[in-house]
Structures are given as structure tokens and as C-alpha cells.
Amino acid sequence: MSAESAQCLADRAAVAFEDYRSGQASRMDDLVDLLTPLMWHVARACRLDPQASEDVVQTVWLKVVEKSESIKDPQAIVAWVMTATRREAWKVAKRADTTRPSELTTSMEVEAQNPIGIKPAQDPLEAAIRGDVAKVLWSHFSQLSPRCQELLRMVCFADRPHYDQVATALGMPVGSIGPTRGRCLTTLRAALSADPHWSLR
Amino acid sequence: MSDNLHEDQPLDDVDFGILAELNELLVAADPPPPGLAERVKFEVSWAALKAEVAQLQASEPVGVRAEQTYASTDTVTFSSSRVNLMIRVSREPASAQRQSMVRVDGWLTGRGRQVDLLVDGQTFTAQADSTGRIVWAKVPAGMAKFLIHVDPADGQPVITPVVQM
């Protein structure tokens, strides 16, 4: 038992979904809390704007309720939800031109100048360094192909042992990521390593 | 370090570190909108209720024998920003009783909420279960309204318009 939370997201979601299916209707609330952020980031990784992403998340949740009986394996709920979200996101993106690839870059530039981070910065120097690192990471990340950006943006929300399952759920070729590095992460890491302004904390 | 970097190598701590930083960056710079999960929960519980009522209505037998079963049903829905309530009123057929009585099945969003049914100058209080189902087995027919205690701490119930039961 490590110091981190005992169960990873996928396991907690599987338990909540199983409880819901065995009649504990209130566990759907827990499932929504667990998976909504992930689904949001999947939709955003498909380059949908915030309003469209929100609509996609709501639509997919209604599908989860509708199809809950037909999802055979509770362990598969995370993969199912990611696939459904991605499919719905691409359907929406095709239907209406709602992609705004530059939007996040703009907000990231603002963030880099006024870094917030998750922990409040005690040392202004540390905060400034964190901001620079994030800016460098984002600038190299943005140079990746859209496909690589999509993959890494979704994978970074997955639990460690499940990267390959995530890639499979997203319809990526075997070997895209997990258990090996794969092409996309290799490209990003090589670019970061070559940049004197970047270092891993 | 980058000389020996190859896509077929297993993921190492540096890779996990990069992905963790990417995660932190996105969590800080692009979080889900506040209240998204709450809006989803509301929509989901509402969809589940409607599905249950539809299922019940679909299973009503056609051509019932009036003297043995409830003769008619009505479904009314009340929607507000804080709670939704759906009621299904089943009238007993005309009987020897002077006053006709009805059965009210209800479904509301949220769990365990208390609802007062006001009819015929009386108040009938019932409590929803953890799935939002609520029942008044036998209440007088007539003009009725519901007081839904959405949040006991809040004190402000949601009051429905009057309906004819």
C-alpha cells in the first residue's frame, strides 16, 4: 500500500459502476464526479471549444445511463467512456466548425506569465520557474502533430499501468504508448531534452 | 541522454514525469467548467426517472376491468431549477365510499427528500427513498399542490402549481 490513494481512477470507477448496476442508484453521482474531468479533457483534446466540450460530456453521460445494462465488464467503463467521448467529440467537430486550436495556447501564455499551479507558490522565484517550465513544455507540445497531441493529452489523464489500454480505446496503433514510449512521447522528450530552458522537476 | 532515446524502450521515470507535468499544466490551465458535474448529475437523474415512468406506463395493461383495478392514470411533471417532480395519479373506480381516493406515485430528483401533499385542507407528508421514489398510497382526490423540501437546511421549499387529482 503506497502513500498515494490506494485505488487508481479506473478501479474506483469500476467499483462505482458495478454498485450502480446492482441497484445503488446513488453511485452514479460518484461515477460522474470521478470521470467528468477525464471526459472533459478528452473532448478538449479533440480541439472542441469549451461549450461544445461541455455538450459532449453531457451527451455521453446520458448514453452511459441508457446503455448501462449493455456494458458487460465494469472494469471497461473508463475505456468505454473515453471511446464514447472521443466519438461524440469528432461527430460534433465534423458537424460544426467548433475547433479553436489556438484557444488553450492563449490561456497557457497567460498562465505562464501569472503562474498559479495547483499548490500556492511560497517562493515567487519557484513560481516563476514553474511558469517558465510550463511554457516551454507547452511550446514543444504544440509542435507535435495533432494526432500526437491528442494521444498525449488523453494519456496524461490515465492511470499508469493502463496507458496501452487507453491507446487501444482511442483507436491508436499498438505501440503508440505503453508499455513502450512510442513515437509521440519520444518526439516530445527529445525536443524537451534539447531545450536548455526545460528541466524535469 | 537523448542519444539513446528510442520509441521501443519501456516508459521510465522521465517519461512519467513529462506526462505528470503535462497533466498538471492542463489541470491548471483548462479545468472543466465549475458545476459541470452537478449539471450532469441533475440531467442523469432526470433521464433515469423519465425512463422509469415510461417503462411503467408502457406496462399498463390495455383494457382493464374497471371494477377491479385503478380506472385511469395521469402523469404530471413539475420542473424547476432545483428539483423535478413527476407524479402519477391513479384513481380508484367509483365505489361505495362517499369520497373518492387516489394513489399518487412520485419520482423526484435528489434523494430522501420530504414532500408535503396538500389536498382537501389536509397535509400528507411522505419521504422519497434513495432513488427518489415516493408514494402516497391513499389520499383524497381534489385540487392539490406539493411542497418539496429541497434542502432541509435551506428552509425554502419548492411549491408546485395546483393540479386536479
Side-chain angles (χ1 to χ4, degrees), chain A residues 23-26 28-29 32-33 36-37 39-41 44-45 50-51 53-54 57-58 61-62 64-66 103-104 107-108 110-112 115-118 133-134 137-138 141 152-153 155-158 160 163 175 177-190 192-194 200-201, chain B residues 1-55 84 107-113 128-134:
Chain A
Q24 294 180 47
S26 60
M28 177 54 67
D29 281 4
V32 169
D33 283 332
T36 293
M39 292 161 73
W40 164 262
H41 286 285
R44 292 288 279 154
Q51 186 55 60
S53 299
E54 196 173 325
V57 169
Q58 295 238 14
W61 275 116
L62 291 175
V64 170
V65 171
E66 189 191 338
E103 190 177 319
L104 178 54
S107 75
M108 261 315 305
V110 172
E111 287 303 321
I116 302 170
I118 300 168
V133 165
L137 173 58
W138 190 253
F141 178 78
L152 293 181
R153 207 170 155 170
V155 160
C156 78
F157 283 95
R160 246 182 218 208
Y163 288 168
I177 191 160
T180 56
R181 189 171 293 125
R183 187 179 54 80
C184 296
L185 188 52
T186 303
T187 307
L188 177 61
R189 179 165 164 177
L192 289 170
S193 302
L200 200 58
R201 269 177 286 130
Chain B
M1 174 177 66
S2 55
D3 294 342
N4 294 325
L5 196 67
H6 197 272
E7 65 186 68
D8 292 332
Q9 290 164 334
L11 290 158
D12 63 18
D13 285 342
V14 175
D15 297 312
F16 295 132
I18 293 170
L19 289 169
E21 274 193 34
L22 187 59
N23 173 285
E24 267 193 46
L25 184 161
L26 288 164
V27 165
D30 192 26
L36 175 57
E38 293 311 311
R39 288 194 285 285
V40 167
K41 289 177 203 174
F42 186 81
E43 287 297 325
V44 160
S45 71
W46 190 226
L49 293 182
K50 285 197 283 194
E52 190 181 344
V53 170
Q55 209 173 17
N84 291 344
W107 294 264
L108 68 160
T109 50
R111 299 195 282 284
R113 286 171 164 157
D129 65 16
S130 63
T131 64
R133 291 177 116 268
I134 194 168

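Proteins come first, then strands; the chains are lettered A, B, ... in the order of their sequence lines, and each starts at number 1. Quick caveat, the model's predicted, so the values are computed rather than measured. Scope of the values below: all heavy atoms of this structure, side chains included, with no hydrogens, waters or symmetry mates.
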Q.
Tell me whether A:R183 at atom CZ has more than 12 heavy atoms from other residues, nucleotides or ligands lying less than 6.0 Å away.
A. no

Q. Rounded to the nearest 0.5 Å, what separation is found between the CD atom of B:E38 and the OG1 atom of A:T36?
A. 9.5 Å

Q.
Measuring from atom CG of B:N23 to atom CG of A:L152, what distance do you get when rounded to the nearest 0.5 angstrom?
A. 12.5 Å

Q) Who among B:L36, B:D8, B:L22, B:V44 has the most heavy-atom pairs with chain A under 4.5 Å? A) B:L22

Q | All side chain to side chain donor-acceptor pair (under 3.5 Å) counterparts of A:D29, not counting sequence neighbours | A | B:R111

Heavy-atom closest pair, residues [X] and [Y]:
X	Y	result
B:L19	A:C156	O-CB, 3.5 Å
A:H41	B:D30	CE1-O, 3.1 Å
B:P32	A:P37	CG-CA, 3.9 Å
A:L200	B:V14	CD2-CA, 3.7 Å
B:E43	A:L62	O-CD2, 3.9 Å
B:A37	A:V32	O-CG1, 3.6 Å

Close side-chain approach of [X] and [Y], heavy atoms under 4.5 Å:
X	Y	result
B:K41	A:D33	yes
B:L26	A:F157	yes
A:L137	B:E24	no
A:W40	B:P31	no

Q) Between A:Q24, A:E54, A:M39, A:M28, which has the largest tally of heavy atom pairs under 4.5 Å with chain B? A) A:E54

Q: Could you check which of A:G182, A:A25, A:C184 has the highest count of heavy-atom pairs closer than 4.5 Å to chain B?
A: A:G182

(Q) Has A:R181 got a side-chain atom pairing as donor or acceptor with B:H6's backbone, closer than 3.5 angstrom? (A) yes

